[in-house]
Amino acid sequence: MISDLWYKNAVIYCLSVESFMDSDGDGVGDFRGLTRRLDYLHGLGVTAVWLMPFQASPGRDDGYDVSDYYNVDPRYGTLGDFVEFTHAAKQRGMRVLIDLVVNHTSDQHPWFKSARSDPDSPYRDWYVWSKTKPKNADKGMVFPGVQTSTWTYDEAAKAYFFHRFYDFQPDLNTANPHVQAELLKIMGFWIQLGVCGFRMDAVPFVIAEKGASVPMTPKLDFDMLRTFREFLQWRKGDSVILAEANVTPDENVKYFGDDGDRMQMMFNFHVNQRLFYALASADTAPLAKALNETRPGYPTAQWGVFLRNHDELDLGRLEDDQRQAVFDAFGPDKSMQLYDRGIRRRLAPMLKADRRRLELAYSLMFTLPGTPVLRYGDEIAMGDDLKLPERNCARTPMQWSGEANGGFSKAKKTFLPAISGGGFGFETVNVAQQRRDPNSILNWMERVIRMRQELPEIGWGDFRVIPTRDKAVLALRYDWRNNAVVVLHNFDGEPRETAFDPGDKDDEPSVLINLLADDHSNPEADGRHRIVLEGYGYRWYRLGGLDYLLNRTEI
Ligand code: GLC
């Protein structure tokens, strides 16, 4: 197996240009600001940056309503600034992924304007229309509580148009070959400007059959995914697609493809929800089951592992009592919840900024099967601003320093206010201060990212859950090229003694070399290891120690 699949051992950092760094003092982040901060990301150990949408947009869904796919929104800079940015990232050995939002456009997109105003417009068929109101118009909303319908009447068109998301985001008729050709063109354009791939937004909806008489569970055209991938690989061999598809394990296999020939990467939403349940309840059984259920079937397929992202923490697929347990622990107040299914807070406030629990959570994120995806600001344990509507509460300016606006901008007023005051304000939580503090979470994060980079076993290898007979303790073993790594996590606040045999049946009993501290572990006479984990404690071990250094094959 060739080992230059870069995404298998990557550390991805996601950010929106808008909220990262403002270079010109207009209160909005921009590409020139972001470019200046690339050394910071490089120093943290980030190997790939995923940018949320930055194309021209009325900005009614934070850029997920695109009005021109071939331009940078002027608030963020120019195409020239974008290319300078991808070039600067490349110089530092970092790759750039960008959001690809092609399930729908903005209603201000010229295609939609043309489509709605003229039945003979060549763009009419680029969208999904119905003369009469479809029977299930009040079903299938992605934002229940905010969105009331999936079909809205348009006066100009004298017809209803379909929108899976907000009513200003008309769905593209992705079955139309002209639309499909345009999607490839969009990908080709950004690939040419230096990106290495795409986080594809809302994939199950992109490939779904759309129309007035389509049933609630529409047919999915998986061949479309193969077409996307083939096109990209022709244009740039090492480019990838990371799919946003919150689907069940039997479905996700189809997104990776029967022969691993569709999406290279998917976010592991199935594991994400059970991970939060484990953090809330100290019961790791559903998480262990979820890991086994989502074992990738192909060497090229890879999960994106995340804790929080720019959306709400979606708990929609948990059992009712499990979901309630997570709400009770991390989002008990209605104002913290969203869309009847999730929590809109950032991780640090959910965990009450408890350093032990934060380390546990991130240690897990960096050692679960797949590629870790870190959200901007999480490396300094940024908080949220629940006064802001919907998901905006967790999209506030990056907190660089204790200066005005957290050092994000010199403007009087920024696009959203930086979080100020209280335990999470920029006065106390910021990069400058944490850089100087050797014990800060930022320096801890840098250290574990470096260690994760030195453990290709996790990104590349096979894993198995080691039985510990204690549901509060999750033990995983990874094997790759005759090397093995064992990681332990205690989800309980109380110390736990755990005894386990990390070996394969025919293995000699091995020493466990602690990779983050000095306390290595020797096997007892029965070959088992007995390890006491502190409350919320974790361990990263290499099995066998010295052998590893002698046998290591360079990747
Ligand atoms: C995805 C994005 C979300 C956006 C939606 C509509 O779910 O993650 O932020 O609102 O698609 O594009």
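Order of listing sets the numbers, starting from 1, for every ligand and every atom in it.
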Discussion item. Would you say the ring centers of H310 and Y64 fall short of 6.0 Å from each other?
Written reply: yes
Practice prompt. Could you list the atoms of ligand 1 found under 4.0 angstrom from a heavy atom of F143?
Written response: 10 (O)
Discussion item. Does R124 qualify as a cation-pi partner of W111, given the criterion of NZ or CZ under 6.0 Å from the six-membered ring centre and within 45 degrees of its axis?
Written reply: no
Fill in: M52 near ligand 1 by a heavy-atom separation under 4.0 Å
no
Item to complete: Report, in ascending order of atom number, the atoms of ligand 1 lying under 4.0 Å from any heavy atom of D311.
Response: 2 (C), 3 (C), 7 (O), 8 (O), 9 (O)
Worksheet item: Which of the atoms in ligand 1, numbered in the order shown and given with their element, are less than 4.0 Å from a heavy-atom of R199?
Response: 2 (C), 8 (O)
Fill in: atom 7 (O) of ligand 1 - nearest protein heavy atom and its distance
E244 OE2, 3.0 Å
Practice prompt. Give the numbers and elements of all ligand 1 atoms closer than 4.0 Å to a heavy atom of H104.
Written response: 6 (C), 12 (O)
Item to complete: Name the option, out of F165, F205, Y166, that contains the heavy atom nearest to atom 6 (C) of ligand 1.
Response: F165
Worksheet, complete the sentence: Checking heavy-atom distances from atom 1 (C) of ligand 1 to each of V142, D314, D201, the winner is D201
Discussion item. Need the ligand 1 atom indices (1-based, order shown) with element for anything under 4.0 Å from a heavy-atom of R391.
Written reply: 3 (C), 4 (C), 9 (O), 10 (O)
Worksheet entry | R75 charged N/C atom sitting above F31 aromatic ring, 6.0 Å / 45° | no
Worksheet item: If we only count heavy atoms from C-beta on, is the N71 to T78 side-chain gap below 4.5 Å?
Response: no
Worksheet item: What atoms of ligand 1 come closer than 4.0 angstrom to any heavy atom of R395?
Response: 9 (O)
Fill in: D311/R395 salt bridge by N-O under 4.0 Å criterion
yes
Worksheet item: Is the count of non-hydrogen atoms from other residues, nucleotides or ligands lying under 6.0 Å from K236 atom NZ greater than 12?
Response: yes
Worksheet item: Is E390 in contact with ligand 1, taking contact as a heavy-atom separation below 4.0 Å?
Response: no
Fill in: Atom CD of Q192 with >12 non-hydrogen neighbours under 6.0 angstrom
no
Practice prompt. Considering only non-hydrogen protein atoms, determine which one is nearest to atom 4 (C) of ligand 1 and report residue, atom name and distance to 0.1 Å.
Written response: D61 OD2, 3.5 Å
